[in-house]
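I have placed the structure first, in the form of structure tokens, so that the comments after it can refer back to it.
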Amino acid sequence: MEQSPRPAHCLVFPYPMQGHINPMHQFSKTLVSKGIKVTLVTTKFLSKSFQQLSGSMPVETISDGFEGGYASAESLEAYFSKFKKIGSETLTKLIEKLNATGFPVDCIVYDAMMTWVLDVVKSFGLVSAIFFTQSCAVDNIYYHVKKGLINVPVENRVSLSGLSVLEPLDMPSFVHNPGLYPGLLDIMVNQFSDIDKVDWVLCNTFYKLEEEVIEWMSKQLRLRAIGPTILRKCLNNQKTREDDTDNGLQMFKPNTDAYMNWLNEQQDHSVIYVSFGSLAELNAEQMQELAYGIKQSGKHFLWVVRASEEGKLPKGFVEETSAKGIVVQWCSQMEVLAHKALGCFVTHCGWNSTLEALCLGVPMVAVPIWTDQRTNAKFVADVWRMGVRVDTDKNGVFKGEIVGHCIREVMDGEKGKEVKTTSKKWMDMAREAVKEGGSSDISINEFVASLTQHYKS
Ligand SMILES: O=c1ccn([C@@H]2O[C@H](COP(=O)(O)OP(=O)(O)O[C@H]3O[C@H](CO)[C@@H](O)[C@H](O)[C@H]3O)[C@@H](O)[C@H]2O)c(=O)[nH]1
């Protein structure tokens, strides 16, 4: 058969949220480096909040049916239901447009939270690849719920295939304490609807990190561990500043000069970096506890408090602590984690933050708030031994004093020594997985080869 001169064309469609866009954007860059044409898809509303749209690949928009995005929907259920309807229609139109303009689409890599995309993929006869932005362990737990193998709410210790024993507080919050967010539990569990009809199941993890659970899940599904999908340049110890344009789909603007100048003045491994990702909202009391813990640790700190959260900072905190640290609204996290001044990362354990710290060998103080963060924190502290975990209750409430204690433990204590050694070990293994010939690289190559075969046939 004669070979067509065009490369295979993949649409990559993350759920419109920073923590989902980042890993799928980085994965897209890897696909491009392997000869695939990628078009990123996002919602019209979200595209307006990106700091820049031009980057290494084209971005197209579809509609979720809401002028004001998620915030203008009356409920989560209403958002998802309209997104499904309008999203299906506008995604269909986008594919028709691309097909007519000489860039026919061959495959859609779509976020597992939007299972409805599969119907659109099937209607065009394209290759489908579902992308999980959370750990394989967490996916495994939702899979068990979907198959009726565990009942929600989980109130006792459980032992699941492919996983070690987990306490209820180690489970994703929706599984242990679904009360507040029953809609979210449905969404997470429904990631596995029609999973048997999907061509590829891609998971942002790597083989050695989650060996047993990946083995087990691979027996149920055509699952491939293709991660960690993070800014590659950082893995090669190269500076990331020039890569900022490539990391361009950022919803918030970092004031890079201010904190980089400050970091440059600090001693090696002396600074704690505190960030709870793009979504977590602490109440004023918890913000106060966290501020207390940071202050009480006595360490120099760089703390990210998003603009929407700033009002909850204790009065006078920034001024009182200005000799010790700085508070910024957003930063280029990979660049910060890669800085030699970094000593540890006080994190909510969002999966991207966890993987980013892991890839840069930065020990963690895990303060999980909700969703998958508890399971991640359990693994960070007890399985991978890359950090210590701050106790949080059923509702994610923690004590500042414990945060301070855990920071000192990682920065100064005996435990810190062990954690630093194991963090370095995991860093090396993550880099092995993504380099040429590594386990994730092989999986990605397999996926890429299947696309090329598809469009040729
Ligand atoms: O100042 C900052 C703070 C964060 N980030 C980036 O923002 C992303 C945050 O992602 P993550 O750590 O996963 O946290 P969330 O934004 O909270 O992500 C949501 O989505 C993740 C993937 O599904 C889940 O694991 C989390 O629990 C969920 O809250 C990371 O890539 C960070 O590098 C920055 O670039 N600058």
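Note that ligands are numbered from 1 as they come in the structure, with each ligand's atoms numbered from 1 the same way. We use all heavy atoms of the structure for the numbers below, so side chains are in, but hydrogens, waters and symmetry mates are not.
Taking the charged nitrogens against the carboxylate oxygens, K34 and D441 do have a contact shorter than 4.0 Å, which makes a salt bridge.
Proximity of E356 to ligand 1 is established by a heavy-atom distance of less than 4.0 Å. For the ligand labelled ligand 1, residue S275 lies inside the 4.0 Å heavy-atom shell. Contact annotation: R306 has no heavy atom less than 4.0 Å from any atom of ligand 1. Residue-ligand proximity: Q329 is placed with every non-hydrogen atom at 4.0 Å or more from ligand 1.
Closest to atom 16 (O) of ligand 1 by heavy atom, among A112, A357, S278, G277, is S278. With atom 11 (P) of ligand 1 as the reference point, the heavy atom nearest to it among T371, N352, N22, V305 is part of N352. Comparing Q18, R374, H348 against atom 15 (P) of ligand 1, the shortest heavy-atom distance belongs to H348.
In summary, the atoms of ligand 1 found under 4.0 Å from a heavy atom of W351, numbered by their order in the structure, are 13 (O), 24 (C), 25 (O). Near D372, meaning under 4.0 Å from any of its heavy atoms, are these atoms of ligand 1: 24 (C), 25 (O), 26 (C), 27 (O). Atom numbering of ligand 1 starts at 1 in the shown order; those under 4.0 Å from a heavy atom of G350 are 11 (P), 12 (O), 13 (O), 14 (O), 25 (O), 26 (C), 27 (O). Remark: ligand 1 atoms within the under-4.0 Å shell around heavy atoms of Q373 are 26 (C), 27 (O), 29 (O). Each of the atoms 19 (C), 20 (O) of ligand 1 lies under 4.0 Å from some heavy atom of M17. Every atom of ligand 1 with a heavy atom of C331 under 4.0 Å away is listed here by number and element: 1 (O), 2 (C), 34 (C), 35 (O), 36 (N).
Each of F131, F80, W116, Y110 was scored for a ring-ring contact (aromatic ring centres under 6.0 Å, His included) with Y15, with one residue passing: F80.
For N376, no nitrogen or oxygen atom sits less than 3.5 Å from a nitrogen or oxygen atom of ligand 1, counting backbone and side chain alike. Checked by distance only, ligand 1 and Q134 come closer than 3.5 Å through their nitrogen or oxygen atoms.
Residues P228 and L358 fail the side-chain proximity criterion, which asks for heavy atoms closer than 4.5 Å. Within the 4.5 Å cutoff, side-chain heavy atoms of F317 are placed close to those of W303.
The environment of E167 atom CD is dense: over 12 non-hydrogen atoms of other residues, nucleotides or ligands sit within 6.0 angstrom. Under a cut-off of 6.0 angstrom, the local environment of NZ in K399 is sparse, with at most 12 non-hydrogen atoms contributed by other residues, nucleotides or ligands.
Taking N395 as the reference, N177 meet the side chain to side chain donor-acceptor pair (under 3.5 Å) condition, with sequence neighbours excluded.
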Original post:
side chain to side chain contact (heavy atoms under 4.5 Å, CB included) between S275 and Y273: does it pass, once the steps are laid out?
Top reply: CA-CA 7 Å; S275 169; Y273 167 59; 3.3 Å; yes
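Checked by atom type and distance alone, the side chain of S128 pairs as donor or acceptor with a backbone atom of D199 at under 3.5 Å.
Under 4.0 Å from ligand 1, the heavy atoms of H20 that appear belong solely to its side chain.
Note: N376 CG to M364 CE = 9.5 Å, rounded to the nearest 0.5 Å.
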